[in-house]
There are 2 protein chains.
Amino acid sequence: MGRRSDHSRTELFELILAEGHRQMAEVGFSRFSAREVAKKIGYSIGTLYNVFGSLDRLLAAINTRTFGLWARHLEARLEGEQGDRIAALVDGYFSFARDNPHLWMAIYDHRLPPGMVLTDDEHDRRSVLTEIVAREVAAALPEPARAEAPRLARSLVATVHGHCTFALNGAFELMGEAAPQDLALARVRESLAAADQAVVATALKKV
Amino acid sequence: MGRRSDHSRTELFELILAEGHRQMAEVGFSRFSAREVAKKIGYSIGTLYNVFGSLDRLLAAINTRTFGLWARHLEARLEGEQGDRIAALVDGYFSFARDNPHLWMAIYDHRLPPGMVLTDDEHDRRSVLTEIVAREVAAALPEPARAEAPRLARSLVATVHGHCTFALNGAFELMGEAAPQDLALARVRESLAAADQAVVATALKKV
DNA sequence: TTAAAATAATGGACGCTGTTCATTTTATTG
DNA sequence: CAATAAAATGAACAGCGTCCATTATTTTAA
């Protein structure tokens, strides 16, 4: 088994991924170039394809990495937060997107070509984020409503995502909205309060 | 003033825009090609640039047109709806996106290059959609809360947008969610109910 | 030690993209 | 019937993703 380079296959994978991630953060999805990545790490474009197979697989790997950073960012933001963990969650969501706009947008800019699927490993690593939210939503809910937590969590992620999208793409600014994150948090609180209310109402009916 | 073609400048503008819109609907943002548009209408690529100046301006015009269709779709969906106009609104939002996924996604896929701004006319035509929502939200709110209608409307659009995005890009499916539109409607209802509650609470305090 | 096999890396070729602009074609005007 | 002004062209350029025959290198087997 011959090899020529200073880098093992695994090292090369990491080298490309790291540089790709760096460039995605810098220039964004629409200006991302696999050739440029190859140039920067001193390998030919062919090597990139030997290692990743296709541009789509490299992009998917870059986005999976972003998901990982995002999840860690959330956990860090939550750590030690004794008071308002829901507000911390929303803030963690927004602040990551604000601090890494290109990386964050690339997650939604890249769409897998028909037929291509993520590996189980990638899928698992991406779902951590949702799991964090589901955990916190469950904790914020009264015991009898906990069964609904995963579904409500999905919905609240979508809610915050919508607000975050409009905040970053300028839509809110165009509409004259100055505090998108406050709006998002207000919506989330309302939904959690509604879940509370529903539990109270059910309890009263039983009496 | 010499001219060579069968089409006036205005006709040509419309011809390109119509074919561009048709192709966007067919192949989507990532596979859209100005050259292909030119070929289809039997003009050279140069003519396209003479008329629109840049690809970005053509894309902006295509998306503005989509906004118009979307607003008309909403109004049609609302017309004659006596009962649940909020549900009709959410359904109109979702159904347009479902029926025209490429056109709908292109609105958010295309980002104006730094420095480029929409014309006032384009801006006006795009804002009709939000105005419809603001109108309906105002109508659904009790009189004392109407002042908050525009801001709440923006927020509810973002909420529904987030759910619609995840519905179309497969994120909800991946999370095991089968009824995204129901989730969106539930969130919207909760926010409207919360606004109701707030009014009642304020009234009670006064007594 | 040397030849064969296996792997790694290359980069030219292909067909596509957006963009520019000197050139050509045409219609209108004087 | 020129002269002029506008319209339309398409070659040229630089870039892109993708493919894959070729080359370089290392390992293995004889």
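Note on naming: letters A, B, ... go to the chains in the order of the sequence lines (proteins, then strands), and numbering restarts at 1 for each one.
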Q: Return no unless some side-chain N or O of A:Thr47 is found under 4.0 Å from OP1 or OP2 of C:dA9.
A: no
Q | Approximate separation, where rounding is to 0.5 Å, of A:Phe52 CZ and A:Ile16 CD1 | A | 5.5 Å
Q. Can you tell me how far P of C:dT10 sits from NE2 of A:His7, to the nearest Å?
A. 11 Å
Q | Polar pair under 3.5 Å, donor/acceptor by atom type, side chain B:Asn50, base D:dA7 | A | no
Q) Got more than 12 heavy atoms from elsewhere within 6.0 Å of CG, A:Asp120? A) no
Q. Expressed in angstrom and rounded to an integer, what is the separation of A:Leu55 atom CG from D:dC19 atom P?
A. 11 Å
Q.
Pairing donors with acceptors under 3.5 angstrom, does anything connect the side chains of A:His73 and A:Ser95?
A. yes
Q. Any luck finding a side-chain donor-acceptor pair between B:His161 and B:Thr165 under 3.5 Å?
A. yes
Q: Please list, by residue number, the residues of residues 27-37 of chain A whose heavy atoms come closer than 4.0 Å to an atom of DNA chain D; answer none if no residue qualifies.
A: A:Phe32, A:Ser33, A:Ala34, A:Arg35
**Q.** Salt-bridge criterion met for A:Arg187 and A:Glu190 (N-O under 4.0 Å)
**A.** yes
Q. Out of D:dT18, C:dG18, C:dA9, which has the shortest distance to the side chain of A:Ser44?
A. C:dA9
(Q) Expressed as a whole number of angstroms, how long is the span from A:Tyr49:OH to C:dC14:P? (A) 18 Å
Q.
If you only use heavy atoms from C-beta on, which nucleotide in D:dA8, D:dG10, C:dG11 is closest to the side chain of A:Ile45?
A. C:dG11
Q: Output all residues satisfying salt bridge (Lys or Arg N to Asp or Glu O under 4.0 Å) with B:Asp182, sequence neighbours left out; order by chain, then residue number.
A: none
Q: Round to a whole Å and report the spacing from CD1 of B:Ile16 to P of C:dG18.
A: 14 Å
Q. Could you give the CG-to-P distance, from A:Leu58 to D:dC16, as a whole number of Å?
A. 14 Å
(Q) In whole Å, I'd like the distance from the CG atom of B:Leu59 to the P atom of C:dT17. (A) 14 Å
(Q) Using whole Å, what does the distance between atom P of nucleotide C:dT20 and atom CG of B:Leu48 come to? (A) 13 Å
Q: Starting from C1' on D:dT18, measure out to CZ on A:Phe52 and report it in whole angstrom.
A: 16 Å
Q) Mind checking whether A:Tyr108 and A:Trp70 have parallel, tilted or perpendicular rings, split at 30° and 60°? A) perpendicular
